[in-house]
Number of protein chains: 2
Amino acid sequence: MIGGGGMGAKATTVYDVAEHAGVSIATVSRVLRRPGDVRDSTRERVLASVKALGYVPSASARGLAARRTGVVGLFFPDFDAMRETTAFVPDRSGAVPVVADPPAEDATGSDLLYFDEVLRGAEIEAWRNGLVLLVGVGRGEDSLSIVSDIAGRVDGLAVLAGSVPDEMLEHIARRIPVVLIAGPRRDDEFDHVSVDNRAGMRALADHVFDTREIDGVLYVRGVASTPDDAERFDGFSEALSARAVADRPGLSVVSAEFSRERARVIGSSLASSGHIPDAVICANDQMALGILDAFRDHGVDVPRRVLVAGFDGIDAGRHSEPRLTTVEQPMEDLGRAAVHVLTQRLANPSQPPVTLRLPVKVLVRESTTPGPPTPRG
Amino acid sequence: MIGGGGMGAKATTVYDVAEHAGVSIATVSRVLRRPGDVRDSTRERVLASVKALGYVPSASARGLAARRTGVVGLFFPDFDAMRETTAFVPDRSGAVPVVADPPAEDATGSDLLYFDEVLRGAEIEAWRNGLVLLVGVGRGEDSLSIVSDIAGRVDGLAVLAGSVPDEMLEHIARRIPVVLIAGPRRDDEFDHVSVDNRAGMRALADHVFDTREIDGVLYVRGVASTPDDAERFDGFSEALSARAVADRPGLSVVSAEFSRERARVIGSSLASSGHIPDAVICANDQMALGILDAFRDHGVDVPRRVLVAGFDGIDAGRHSEPRLTTVEQPMEDLGRAAVHVLTQRLANPSQPPVTLRLPVKVLVRESTTPGPPTPRG
DNA sequence: GCCCCAACTGTATGCGCATACATCCTTCCC
DNA sequence: GGGAAGGATGTATGCGCATACAGTTGGGGC
């Protein structure tokens, strides 16, 4: 029986293959690990036995003996954690519903897409180095045991900064190399990979201020305790103070905690109070989209009445009306860079801590481009 | 030194912890595996040593001893394989480019997004079962060794149907359970998880034919050798033959191999020849988008002159002009179902092969909705 | 005060493979 | 044809943990 997989009859091992091929287990092992060390005729005989017996080497045993697993881990929190608490129940109904699907603005929760790209990059770079990628998603209180579990399975671990307490990171780092993704440069011994939040926001703000005369600007912060938010705000402040006092815009700052909905509320009260600034710059795209939502609802013309810009380069920003000017982060490269740094450290454990700053790019779109609107399509 | 991770000084083991805590390794193991079996005072002492020494259990050793890894694998091919052959080279330039980002139709290559959702579902279901997810992406000729490698690391493997030769699957299945995703019901011993392609396309075609009088219809196939394509075509044929001969549309069939570009070429020649059917139904969204591209270029009005529909529910179809009517596949549920089935089989290896058919949904959008165009935004 | 049982803890072993080292077999050269 | 230098293969061991089983301890009942 083919589908019986591994249970019941125990899986075949090197010993089985060795006996079947009439060689020692060392030879079997060599055929699989360093085929060149084995005579052609022997190798073929062993491979025939491997096929005949359906032999697949146990990575556990291999990892134990070789003291390395060939796996790198990627860990990030699931901001959307509470979404799926239900057990999976197969639905066997046969009817196919036919429903109208009216145009709607993009759903939120695009954080996951963010990770998807990082993950893809990590997988690519892992593959290029002959490694396999293990993904771990932290959910609530289990997070700690999950990271630890994963740490035991891999040769190196990439962790989204802030998703794991420092204490745990240090614990893990005593066993394997750890690289932090999207974290700030900190005064620690970890390797880091991140984007240049400060320079990106600086460039974005400069662009907005250069587009036309801005008397008042609103900066919408995210969660102030996060490094990303802090760095972006620094970049913004820098742009502001770089301008001559004469044409330096008046500044208001408010926080919407990276939430589209909260930003929408803020935008609404702004619009209905009539105190609309000349530009709104947000620490991420979700909040910028929330601002756009509110302004559209209140008939506030973007970009003619007010310029709006975000940060991240999420997909939804390419489909909004108007399309959103933003700072594009190289998500996939973040993932690649993380694994890249891990392999470097694995190859050379004693090298000093590395910090990679990936460059970003300002994408100018209609939300900060006054003038004749670009025709769609 | 914290960042030194695992190299050089060898990682701490149960033996170290046991000695530090003044107990035997069995007790250390029990503290981690079945805390209830150990006296409170002992447990606390051991845990203190674990923390003090930075102990993280080796999953390799654990897996070897316990004969299970606690990992499930997900394997799929990278259709976009040749994209990233370059090594990752960190870019350290400090300048932030500011570039205009004109509206553009979505890039292709959305296949990956397809997998992203499956992956997410698989991860969720794995987590719910106390498992970890290992992802493998097949690329070219390495694919075979990659699958085999992964098979050695996991307790069960979910594989996208068609991405691995049957021979290899059977080989692997002698060691661990294998579930095929999106494959057809076949006469084999594997477990299967797929969507109801036939019923979905049947419902889609019925919808199109019911929308208004269709005299001539073009069906655009994908790669005819794939099960998905075959099942969808069956569903389409079924819808056709279910109609009274009197109002059964004339049929043309052509293949664009699931490619947007090829479909665009087909659409162009159609438009310039003047032989435009009343409806075009495509075996996937990418091809439907290609048709839309061509018709737009040639000024053919969709949906007034011709109805167009696709299959898959990819994101780009929600942003096209007009938006694309399609059959939405529950990608995430596919991933969840696959892992669900795996856990079932792991729990009960002797159960008969399972086939799960997930329901689909027809999303009716403007590409098949004649009448006043829905205002955007 | 003694015995028995339950709750703990320790000892010993094997999981399946990689690999250092020993052994045996070829070739090749003088 | 003898021997040396590799080349090919076999032998023995340990990787770190889970666990069956043996051993120890502490109470409780009589």
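Both backbone and side-chain heavy atoms feed into the values below; hydrogens, waters and symmetry mates do not. Naming: A, B, ... by sequence-line order, numbering from 1 per chain.
- Between B/D149 atom CG and C/dC17 atom C1' the separation is 14 Å, expressed in whole Å.
- One atom, CZ of B/R45, and another, P of C/dC8, lie 14 Å apart when rounded to the nearest Å.
- Minimum atom distance to the side chain of B/A66 is reached by D/dA18, of the listed D/dC17, D/dA18, C/dA18.
- At the heavy-atom level, A/I25 lies under 4.0 Å from base atoms of the strands shown.
- Residue contacts for A/V28: at a heavy-atom cut-off of 4.0 Å it reaches no nucleic acid atom on any strand shown.
- Atom CZ of B/R175 and atom C1' of C/dC15 are 12 Å apart (whole Å).
- At least one side-chain nitrogen or oxygen of B/T27 sits closer than 4.0 Å to the OP1 or OP2 atom of C/dG10.
- Between A/R34 and A/D37 there is a salt bridge, since at least one side-chain N of the basic residue sits less than 4.0 Å from a carboxylate O of the acidic one.
- Between B/S24 and the phosphate of C/dG10, there is a side-chain N or O to OP1/OP2 separation shorter than 4.0 Å.
- Nearest to the side chain of B/L64, among D/dC17, C/dA18, C/dG16, sits C/dG16.
- Relative to the side chain of B/R30, the nucleotides D/dT11, D/dA20, C/dG16 differ in distance, and D/dA20 lies closest.
- Taking only side-chain nitrogens and oxygens, B/T42 comes nearer than 4.0 Å to OP1 or OP2 of C/dT9.
- Phosphate contact (OP1/OP2 of C/dT11, side-chain N/O of B/Y15, threshold under 4.0 Å): absent.
- Considering only side-chain atoms of B/S29, the nucleotide from D/dG16, D/dT19, C/dA18 that sits closest is D/dT19.
- When the nearest nucleotides of DNA chain C are assigned to A/P57 and B/D37 by heavy-atom distance, the more 5′-ward of the two goes with B/D37.
- The phosphate of C/dC8 has neither OP1 nor OP2 within less than 4.0 Å of any side-chain N or O from B/R39.
- Using a cutoff of 4.0 Å between basic side-chain nitrogens and carboxylate oxygens, B/D149 and B/R153 are scored as salt-bridged.
- Between B/R33 and D/dA18, a side-chain N or O to OP1/OP2 separation shorter than 4.0 Å is present.
- For C/dC15, the OP1/OP2 oxygens have no side-chain nitrogen or oxygen of B/R67 closer than 4.0 Å.
- Counting only N and O atoms by type, the side chains of B/T42 and B/D40 include no donor and acceptor under 3.5 Å apart.
- Side-chain polar atoms of A/S49 and A/H20 form a donor-acceptor pair below 3.5 angstrom.
- By the 6.0 Å contact criterion, CD on A/E19 is open, its count of non-hydrogen atoms from other residues, nucleotides or ligands being 12 or less.
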